[in-house]
Enquirer: 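Please read through the structure below; I'll follow up with questions.
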Amino acid sequence: MPNKSFLHIGAPKTGSTTLQQCIFALHPEILYFGEDGYGWNTKEEALTGEKLVNADDLFFPIEQCLTQFAKKQREANGRIVVYSNADVMGSRRPTTCANRLFQLMPDAHILIVLRNQYTALTSFYANHGAYLKPAPPSHFRRYVSFEDWLSWCIMFPVDTPAGNFLYAEIIDLYASLWGRNKINILLFEDFVADPDKFVCNLATLLTVDAKIAMALTKGSHRRVRGSARRLAWHKFRSQFLWNWTHINGNNQIQLWERFLDAGRPARMVIPDTCRRPIANLYDEGNSRLVREWGLDLGKYSYPLPLSN
């Protein structure tokens, strides 16, 4: 009989790095592999990263991945097996990715953490969206304004980061493969409101010691939102100093990087012109999550139909 296993697929900007680095990777009752786990930067582990999420079948080494996942099950020795990759929900080949994961972990329980799409998009922009990519070399990673980025997401929701947060569609897909009884949904806002309670509920779900999990996460917040100072510098440099290379030497670079990361987190307000179009992308799906999964999304002001 296989060890009990969990597949954590995101969503992005829902505290995934904190869960990966503090609980999944460190809890003695868990055998973890995935993002920020031991060996993630090796060639072997990379197979379960970018290629699993986005590569066409022509370039995906399924046999190597099957061997790797089976090896982890054998090494578990009674521990809970957890594979986590928050990029899964951002896959541009969501059905292909889900089918691959089902082939690799058919007995897994699915763990999904949701976040209000308004704040999720804002947070994603601060750390990723303001840096244009993919793009030709002369434009790669240059500054993009928040409103331009949101407008782009609204225009092409399936092919942009907006697709990361189509929760209802992704949950339906995974429920169709693993079954509704294998789907476990948590809310990021609960994590923010009461971290100990959230971690305790997560540990109970994973069937691991909750006290250990709470101790491992006490006061931890990994991969925080980018600072307003860094975002302002990025905008200025993109416009006036794109080829600037004045700072030399590791010590100077480190001091400069620390200075940029200091100060308050970047704060953006979704423009009124974008707010309703964003709601239109998500409100019907969120309404189904309320109706079919019993989630209290209204408590945290998730986009919902105006009639709700």
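Numbers for residues simply follow the sequence, beginning at 1.
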Enquirer: Search all heavy atoms of Phe191 against all heavy atoms of Thr14 and return the closest pair with its distance.
Expert: CD2-O, 4.4 Å
Enquirer: Measure across His139 and Leu132 and return the closest heavy-atom pair with its distance rounded to 0.1 Å.
Expert: O-CD2, 3.7 Å
Enquirer: Let me see the working for Asp190 and Lys197 under salt bridge (Lys or Arg N to Asp or Glu O under 4.0 Å), right down to the final yes or no.
Expert: CA-CA 8 Å; Asp190 289 335; Lys197 183 178 180 180; over 6 Å; no
Enquirer: Could you grab the distance from atom CG of Asp296 to atom CG of Leu187, nearest 0.5 Å is fine?
Expert: 8.5 Å
Enquirer: Roughly how far apart are Leu177 CG and Ile110 CD1, rounded to 0.5 Å?
Expert: 8.5 Å
Enquirer: Measure up the Phe69 and Phe33 rings against each other and bin them: parallel (under 30°), tilted (30 to 60°), perpendicular (over 60°).
Expert: perpendicular
Enquirer: In plain terms, say whether Lys218 and Asp196 are close enough for a salt bridge, that is, a side-chain N and a carboxylate O under 4.0 Å apart.
Expert: yes
Enquirer: Might you point out which heavy atoms bring Ile154 and Pro157 nearest each other, and give the distance in Å?
Expert: O-CD, 3.4 Å
Enquirer: Do you know the tightest heavy-atom contact between Phe146 and Val269?
Expert: CE2-O, 3.7 Å
Enquirer: Cationic tip of Arg142 within the cone over Tyr131's six-membered ring, i.e. under 6.0 Å and within 45° of the normal?
Expert: no
Enquirer: Mark yes or no: Arg141 above the aromatic ring of Trp242, with NZ or CZ under 6.0 Å from the six-membered ring centre and no more than 45 degrees from the axis.
Expert: no
Enquirer: Do you know the tightest heavy-atom contact between Pro303 and Ala279?
Expert: CB-CA, 3.9 Å
Enquirer: Looking only at atom types and distance, does a side-chain atom of Glu29 sit under 3.5 Å from a main-chain N or O of Asp209, one as donor and one as acceptor?
Expert: yes
Enquirer: Relative to the ring of Phe102, is the ring of Trp178 parallel (under 30°), tilted (30 to 60°) or perpendicular (over 60°)?
Expert: perpendicular
Enquirer: Do the side chains of Lys13 and Thr119 get nearer than 4.5 Å, heavy atoms only?
Expert: no
Enquirer: Check the pair Val81, Lys4 against side chain to side chain contact (heavy atoms under 4.5 Å, CB included), reporting the backbone distance first and the verdict last.
Expert: CA-CA 6 Å; Val81 176; Lys4 189 172 183 180; over 6 Å; no
Enquirer: Can you tell me if CG on Asp272 sees more than 12 non-hydrogen neighbours from other groups inside 6.0 Å?
Expert: no
Enquirer: Answer yes or no: does atom CZ of Arg264 have more than 12 heavy-atom neighbours from other residues, nucleotides or ligands under 6.0 Å?
Expert: no
Enquirer: What closest approach, in Å, do Ala55 and Arg93 show between heavy atoms, and which atom pair accounts for it?
Expert: O-CD, 4.0 Å
Enquirer: Between the side chain of Thr217 and the main-chain N/O of Met214, is any donor-acceptor distance below 3.5 Å?
Expert: yes
Enquirer: Supply the atom-to-atom distance Gln103 CD to Cys65 SG, rounded to the nearest 0.5 angstrom.
Expert: 10.0 Å
Enquirer: Is the shortest side-chain heavy-atom distance between Arg79 and Ile30 below 4.5 Å?
Expert: no
Enquirer: Is there side-chain contact between Phe198 and Cys200, with at least one heavy-atom pair below 4.5 Å?
Expert: no
Enquirer: Enter the distance from His27:NE2 to Leu202:CG here, rounded to the nearest 0.5 Å.
Expert: 9.5 Å
Enquirer: Consider only side-chain N and O atoms of Asp283 and Tyr302, and report whether a donor and an acceptor are under 3.5 Å apart.
Expert: no
Enquirer: State plainly whether the residues Arg288 and Asp172 are in salt-bridge range, i.e. N to O under 4.0 Å.
Expert: yes
Enquirer: Could you label the plane-to-plane angle of the Phe24 and Tyr32 rings as parallel, tilted or perpendicular, counting under 30° as parallel and over 60° as perpendicular?
Expert: tilted
Enquirer: Look at the side-chain heavy atoms of Ile, Leu, Val, Met, Phe, Trp and Tyr, link any pair under 4.5 Å apart, and say whether Val192 and Val113 land in one connected group.
Expert: yes
Enquirer: Would Arg115 and Phe165 count as a cation-pi pair here, with the cationic atom under 6.0 angstrom from the ring centre and within 45° of the axis?
Expert: no
Enquirer: Is any side-chain N of the basic residue among Arg100 and Asp57 closer than 4.0 Å to the acidic one's carboxylate O?
Expert: yes
Enquirer: Rounded at 0.5 Å granularity, tell me how far CD1 in Ile270 sits from CG in Leu150.
Expert: 6.0 Å
Enquirer: Mind checking whether Phe124 and Trp149 have parallel, tilted or perpendicular rings, split at 30° and 60°?
Expert: parallel
Enquirer: Give me the other members of the hydrophobic cluster that Val158 sits in, counting Ile, Leu, Val, Met, Phe, Trp and Tyr linked by side-chain heavy atoms under 4.5 Å, directly or via other members.
Expert: none
Enquirer: Do NZ/NE/NH1/NH2 and the carboxylate oxygens of Arg92 and Asp159 come within less than 4.0 Å?
Expert: no
Enquirer: I need the single residue from Leu289, Leu121, Asn116 that forms a side-chain contact (heavy atoms from CB on, under 4.5 Å) with Tyr282. Which is it?
Expert: Leu121
Enquirer: Okay, side chain of Ser238, backbone of His234: is any donor-acceptor separation there less than 3.5 Å?
Expert: yes
Enquirer: Can you confirm whether more than 12 heavy atoms, excluding those of Lys235, are under 6.0 Å from its NZ atom?
Expert: no
Enquirer: If I take atom CG from residue Asn54 and atom SG from residue Cys97, how far apart are they, to the nearest 0.5 angstrom?
Expert: 7.5 Å
Enquirer: Is it true that a side-chain atom of Asn184 and a backbone atom of Lys182 form a donor plus acceptor pair closer than 3.5 Å?
Expert: yes
Enquirer: Contact between Lys72 and Leu31 at the side-chain level, heavy atoms closer than 4.5 Å - yes or no?
Expert: yes
Enquirer: Please answer whether the main-chain N or O of Phe259 pairs with a side-chain N or O of Arg229 as donor and acceptor at a distance below 3.5 Å.
Expert: yes
Enquirer: Kindly say whether Tyr118 contributes a backbone atom to a donor-acceptor pair with the side chain of Thr122 at under 3.5 angstrom?
Expert: yes
Enquirer: With a 4.0 Å cut-off, would you call Glu189 and Lys299 a salt bridge?
Expert: no
Enquirer: With side chain to side chain contact (heavy atoms under 4.5 Å, CB included) as the test, would you mind laying out the steps for Ile112 and Met89 before giving the verdict?
Expert: CA-CA 9 Å; Ile112 304 171; Met89 290 187 71; 3.9 Å; yes
Enquirer: Hey, is the main chain of Val144 close enough, under 3.5 Å, to the side chain of Asp148 for a donor-acceptor pair?
Expert: no
Enquirer: I'd like to know if the side chain of His8 and the backbone of Tyr83 have a donor-acceptor N/O pair within less than 3.5 Å.
Expert: no
Enquirer: Between Leu111 and Ile9, is there a side-chain heavy-atom distance shorter than 4.5 Å?
Expert: no
